[in-house]
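Just so we're on the same page: letters track the sequence lines, and every chain starts at 1.
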Protein chains: 2
Amino acid sequence: MSRAPKTHLIRDTNDRAALDLMLSNGPITKTRLGELVGLSKVTAGQLLTRLGDRGLVEVVGAQQGGRGPNAALYGVVPSAGYVAALHIGPDQITASVADITGTELATGELDPHEASDPVEAVRATVAHATRSAGITMEQLRCLSIGTPGMIDPRTGDIRFANDLPDWRAGVLEDLRRSFQRPILIENDVNLAGLAEQSAGASHGVKDSVLAWIDRGLGLAVIVDGRLHRGAGGGAGEIGYLAVPGASTPHGTDSPQHAAFQSLVSVEAMDTLARAFGLSGSGVDCVRAAVEGDADAEPFLEELARRLALGLAGICVVLDPELCVLAGEVGRAGGEVLAARVQKAIASLGPNVPTVVPTAISGDPVLRGALQMGLDTARDEVFAHQG
Amino acid sequence: MSRAPKTHLIRDTNDRAALDLMLSNGPITKTRLGELVGLSKVTAGQLLTRLGDRGLVEVVGAQQGGRGPNAALYGVVPSAGYVAALHIGPDQITASVADITGTELATGELDPHEASDPVEAVRATVAHATRSAGITMEQLRCLSIGTPGMIDPRTGDIRFANDLPDWRAGVLEDLRRSFQRPILIENDVNLAGLAEQSAGASHGVKDSVLAWIDRGLGLAVIVDGRLHRGAGGGAGEIGYLAVPGASTPHGTDSPQHAAFQSLVSVEAMDTLARAFGLSGSGVDCVRAAVEGDADAEPFLEELARRLALGLAGICVVLDPELCVLAGEVGRAGGEVLAARVQKAIASLGPNVPTVVPTAISGDPVLRGALQMGLDTARDEVFAHQG
DNA sequence: CCCCTACTGTAAGGTTCCTTTACAGATACC
DNA sequence: GGTATCTGTAAAGGAACCTTACAGTAGGGG
């Protein structure tokens, strides 16, 4: 504990709590704010005056009904700051711009092959999205970026991203130099986990995991309500997980040290579908089975069994309360697949989480990036000229 | 945030911080305490007067050397409270009594077969230990108990303990009724992890795991400096972990879904030692190999490989900074085994923790129980008549 | 229609808790 | 022996919150 920052510590804490309340619950009256933050009406008024002077809150209306005068409703000023979030994929870059309240103002896309390097690609995408949103790049408080690959939790820089050869260590530094503002990079699966936690299936759950089943395979680990990245940012790289039971009934995969990646993933699903004599891609067959196609039924059962093989190990280590199935396969499988996976996990070990499909519509990675960006943008806005 | 407890919130926080400082760093002067807690000399003096009036601190000496007058040294009064910690094993119950400063006053043992039920066994052991310590049972602020088995993190009660048929759900309630004071029950392996973190190999490490390799097999998971128990208290029950690679070169175990428990444990080691043509128990062979016995060399290598098979999966999920090998096998293996395990993990996946042997002397479970008990006893002492 | 009740919002004064300043006294170093 | 440096207490001050008090406004009952 240092001495200096204590003078305003309580006041800052209360001011910040008030801002967070207004951001999450919307406009609020002076009296109610006081009750929720734990301050008297008078002090709450002083607090709002302070925040108003700083341009962070304003009166946005008046409460109708009730006895006395119509109480003024205070809300956060949307133009207090903006955030850009990006989802970097091998074939597409998507972006979203939102104001400090979380209202999405514009989205944008870019084919990464159009740009020469990561910085160019990000600049072009962000420039387009901010123009659509009617703001300038200077008004952005921070940039939040989701990529595949591993991020070093100490530096925040990329360690390596297999599918994106241009995105390597040093990108963070380049982006910071180019944009001159906070840049956040996070693993895409972790961001999907964050999105699910803030507004999806795992909202309010302390210990959960999100299994991302798509072209790549990944796991977001949330412990005690916080994302767990691991010492080197490698937590959740379950593509490498060695699972037993390679000898599947309709054996199609390599024998001994089968990596989880080779058992489940969009590619492995395609192969498996053919082995079951089904036409169409693996994801199509999942959809067919979910919609009641009897021919695709055994395929779905085998998929659930394979998923459970890997997830059972995870549950034995972490014993999460909830396991969210996400990614293209998780979304396609829905409740049906989730229920089967849960049953299969129950047959493999003592710890059985509730298994559910993703509850995020749209791109969960972009959503998670936006959430992460908003968190730090709010810190920025609040801290500057405090 | 509620209104009521805010009046003394800052004062309580500072008082508590001061107490914790004195408990961890020993006696301290008024001025130094102020600097460390972040208070002025004057306020630190008032704080110490308050704690002195409550009988929690006293002047324990004077600092020699230095310029001015010899500053008084303030320290925590040992008799402010006592704790009893117990380690419940199938064949032995051990206990330890300490004062609030953590000084161990007495230990005790009991053969559990001498007592009819858990409450009787605990009462007898604690009665004996407190007598040896020269205190009464009434002076104990809390009881801290380590057992095998799973503890429900919501209730704190035992869910089941395989090796201890009498220790089942309801024991917590019985003990609370009998002792009329806080009772803490925790899984033995988790307590070993806690001990390692507070005074052992993983001290100061944020993300670590402790692998307990003994008759049973277990894992203590520490994430962000805090023990992770899991939704149902089942985190770390890696005996059930399914590991591939059952086809060992000198194959002695079942083929397909080999549980980690069947690969490594004192019993499996014994079998493996025989398969390698060695005489003596598995643990003896580990010791022999560590001390340079060339015949036991391949046995140790195979043991390291087996351990790495399970630990690699854990590292892929958690990416811990450090992995501590504990239990009889971990202790016997020492640095030699740890280095080999680390090398083997490196060959199996991308996340490689530093692997080290336990650094706790004596019974780590009892030590961890004591630590946990001290934490709540200090809360108790501080909160009561606050 | 009028009055009462219930609420908003501000002003004034009070409490808690920490801080700075000031000073008397003690101890080591030169 | 003088000085610099430290301890410990006293006095005054400031920060941040609180309660009380009151003027003013909206709805409901008689």
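Taking the centre and axis of the six-membered ring of Y74(A), the NZ or CZ atom of R32(A) falls outside the cone set by 45° and 6.0 Å.
Across the protein-nucleic acid pair, Q63(B) atom CD and dT5(D) atom P stand 17 Å apart, rounded to whole Å. Spacing between atom CD of Q46(A) and atom C1' of dG13(C) amounts to 13 Å, rounded to whole angstrom units. In this structure, NZ of K41(A) is placed 12 Å from C1' of dA11(C), rounded to the nearest angstrom. Between L39(B) atom CG and dT16(C) atom P the separation is 18 Å, expressed in whole Å. Atom CG of L73(A) is separated from atom P of dG9(C) by 9 Å (rounded to the nearest Å). Atom CZ of R67(A) is separated from atom P of dA6(C) by 6 Å (rounded to the nearest Å). dC17(C) atom P lies 10 Å from atom CD1 of I10(A), rounded to whole Å. Rounded to whole angstrom, the span from the OH atom of Y74(A) across to the P atom of dT8(C) amounts to 12 Å.
Closest approach of A359(A) and E196(A) over heavy atoms only: N-OE2, 2.7 Å. The shortest heavy-atom contact between A44(A) and G34(A) is CB-CA, 3.7 Å.
Side-chain nitrogen and oxygen atoms of S40(A) include at least one within less than 4.0 Å of the OP1 or OP2 phosphate oxygen of dC18(D). Distances shown here put a side-chain N or O of R11(B) below 4.0 Å from the OP1 or OP2 atom of dC18(C). Using a 4.0 Å cut-off, no side-chain N or O of N70(A) falls inside it from OP1 or OP2 of dA26(D).
With distances taken from any side-chain atom of V42(B) to the nucleotides dG9(C), dT9(D), dA16(D), the minimum falls on dT9(D). With dC17(D), dT19(C), dT7(D) as the candidates, the nucleotide lying closest to the side chain of T43(A) is dC17(D). The nucleotide whose nearest atom lies closest to any side-chain atom of P69(A) is, among dG25(C), dG24(D), dG8(D), dG24(D).
In this structure, the separation between CG on L47(B) and NZ on K30(B) is 10.5 Å, given to the nearest 0.5 Å.
The only member of V221(B), I222(B), D207(B), N190(B) that meets side chain to side chain contact (heavy atoms under 4.5 Å, CB included) when paired with H228(B) is V221(B).
Nearer to the 5' terminus of DNA chain C, by closest-nucleotide assignment, is the contact made by A71(A) (compared with the other of Q64(B) and A71(A)). Residue order along DNA chain C, read from the 5' end via each residue's closest nucleotide, puts G68(A) first among G45(A) and G68(A).
For the 3.5 Å distance criterion, the side chains of T31(B) and T29(B) fail to qualify, holding no donor opposite an acceptor.
Taking every heavy atom of residues 26-33 of chain B and every atom of DNA chain D, pairs under 4.0 Å involve K30(B), T31(B), by number.
With salt bridges taken as basic N to acidic carboxylate O contacts below 4.0 Å, one links D20(A) and R16(A).
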